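Everything numeric here is computed off the predicted structure, so don't read it as measured data.
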Amino acid sequence: MDVVRYLNDHSFTVLFSGGKDSTAALLWVYNNVRHDDWDILHIVVTGNTHSLSVEYVKYVAAELGVLDKLRIVQREIDFFDKLKEWGPPLPGIYRWCLHQFKLKLIRKYARDIQVTGVKYRDSIVRRKIKPIDFSYLTHQITVHPILYWDDDKVIKYIRSHKIKINPCYEICGHSGNCMFCPY
């Protein structure tokens, strides 16, 4: 099914980490979806998300005029306290950082259909994903409008909309959503 047609027929949540890929996905939604029945969810990993990343998320939403759609949430538990208690996250179900900080909040606050900035080229696992798919992680429908894009197209798309790239990329080489990643 066509991603544009599918999203134009459903309400959904854009999962927005503040990274370049989720920024491009949000811009894509902004440019292609012809209804207002969608929202934006940003998850702060308590104790591990850079404050500049949170400010960037607010900046993008404000620039697009969709600040009223943005919900910023976080767990009351601290990442580094859990790192001491549980040890480093491991692949699969033992990747507690993903399960305890992000998935619980996605299940609680996101709509049943979520738009992501997932790209096909980012991992072998992602090469099996379809543009509209069922997520075994959230048990909900996920839509990936930039699935077949490369990093160059993502950056050009963001810049073509006169949106700055998250300043954390220049400071630490990534979006700052998870500053310390033992995974």
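The distance from atom OG1 of T142 to atom CD1 of I129, rounded to the nearest 0.5 Å, is 6.5 Å. Going from atom CG of L70 over to atom CD1 of I40 covers 5.5 Å, rounded to the nearest 0.5 Å. A distance of 7.5 Å separates CG in D2 from CD1 in I132, rounded to the nearest 0.5 Å. The structure places CG of N48 at 4.5 Å from CZ of F80, a figure rounded to the nearest 0.5 Å. Rounding to the nearest 0.5 angstrom, the gap separating the CD1 atom in I77 from the CZ atom in F101 is 4.0 Å. One distance of note links CG of L15 with CG of L26; it measures 11.0 Å at 0.5 Å rounding.
Nearest approach of R75 to T46, heavy atoms of both residues: O-OG1, 2.6 Å. Annotation for W149 and K119: closest pair O-CD, 3.5 Å, computed over non-hydrogen atoms. Nearest heavy-atom pair across D21 and G117 is CB-O, 3.1 Å. When all heavy atoms of L83 and P88 are compared, the pair lying nearest together is CD1-CA, 3.8 Å. Annotation for I106 and Q140: closest pair CG2-OE1, 4.0 Å, computed over non-hydrogen atoms. The minimum heavy-atom distance between S11 and H35, with the atom names listed, is CA-CE1, 4.4 Å.
Residues I171 and Y169 do not share a hydrophobic cluster, clusters being chains of Ile/Leu/Val/Met/Phe/Trp/Tyr side chains in contact below 4.5 Å. Side-chain heavy atoms closer than 4.5 Å link hydrophobic residues (I, L, V, M, F, W, Y) into clusters, and following such links, even through other members, never connects I165 to M179. When the side chains of ILVMFWY residues are joined at heavy-atom separations under 4.5 Å, either directly or via intervening members, L52 and F79 end up in two distinct hydrophobic clusters. Hydrophobic clustering of Ile, Leu, Val, Met, Phe, Trp and Tyr side chains at less than 4.5 Å, counting indirect connections, unites V14 with L64. Residues V44 and L67 fall within the same hydrophobic cluster, defined by Ile, Leu, Val, Met, Phe, Trp and Tyr side chains chained together at heavy-atom separations under 4.5 Å.
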How far apart are the C-alpha atoms of F12 and V29, what are their side-chain angles, what is the distance that settles it, and do they pass the side chain to side chain contact (heavy atoms under 4.5 Å, CB included) test? CA-CA 10 Å; F12 58 88; V29 164; 3.7 Å; yes
Using the rule given for side chain to side chain contact (heavy atoms under 4.5 Å, CB included), can you reason through Y59 versus K164, listing the C-alpha separation, both sets of side-chain angles and the distance that settles it, and then say yes or no? CA-CA 9 Å; Y59 150 77; K164 294 182 259 180; 3.6 Å; yes
K82 vs Q100, side chain to side chain contact (heavy atoms under 4.5 Å, CB included): CA-CA, chis, key distance, verdict: CA-CA 10 Å; K82 294 305 171 187; Q100 292 300 317; over 6 Å; no
Do L7 and W38 pass the side chain to side chain contact (heavy atoms under 4.5 Å, CB included) test, and can you show the C-alpha distance, the side-chain angles, and the key distance before you say yes or no? CA-CA 9 Å; L7 288 177; W38 55 276; over 6 Å; no
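For S53 (side chain) and S175 (main-chain N/O), a donor-acceptor pair under 3.5 Å exists by modelled atom type. Counting only distance, with no hydrogens or angles, the side chain of N32 and the backbone of V4 share no donor-acceptor pair below 3.5 Å. For the pair R71 (side chain) and D39 (backbone), a donor-acceptor distance under 3.5 Å is absent. Side-chain atoms of S22 come within 3.5 Å of backbone N or O of S17 as a donor-acceptor pair. Of the possible polar contacts, one joining the K69 side chain to the D36 backbone as a donor-acceptor pair under 3.5 Å is found. Here the side chain of T13 pairs a donor or acceptor atom with the backbone of R111 at under 3.5 angstrom. At least one donor-acceptor pair under 3.5 Å links the side chain of R34 to the backbone N or O of N31. Checking side-chain atoms of H10 against main-chain N and O of D37 turns up no donor-acceptor pair under 3.5 Å. Under the 3.5 Å distance criterion, the side-chain polar atoms of H174 are matched with a main-chain donor or acceptor of G176. Between the Y6 side chain and the V143 main chain, no donor and acceptor come within less than 3.5 Å of each other.
For the pair V118 and L147, the minimum side-chain heavy-atom distance is below 4.5 Å. Residues K153 and I146 have side chains not in contact (no heavy-atom distance under 4.5 Å, counting atoms from C-beta outward).
Environment of CD in E85: crowded, with over 12 heavy atoms of neighbouring residues, nucleotides or ligands closer than 6.0 Å.
Relative orientation of the F16 and Y56 rings is tilted, given thresholds of 30° and 60° on the angle between their planes.
There is a side-chain donor-acceptor pair under 3.5 Å between N177 and K102.
A salt bridge links K156 to D152: one of the charged nitrogens lies within less than 4.0 Å of a carboxylate oxygen.
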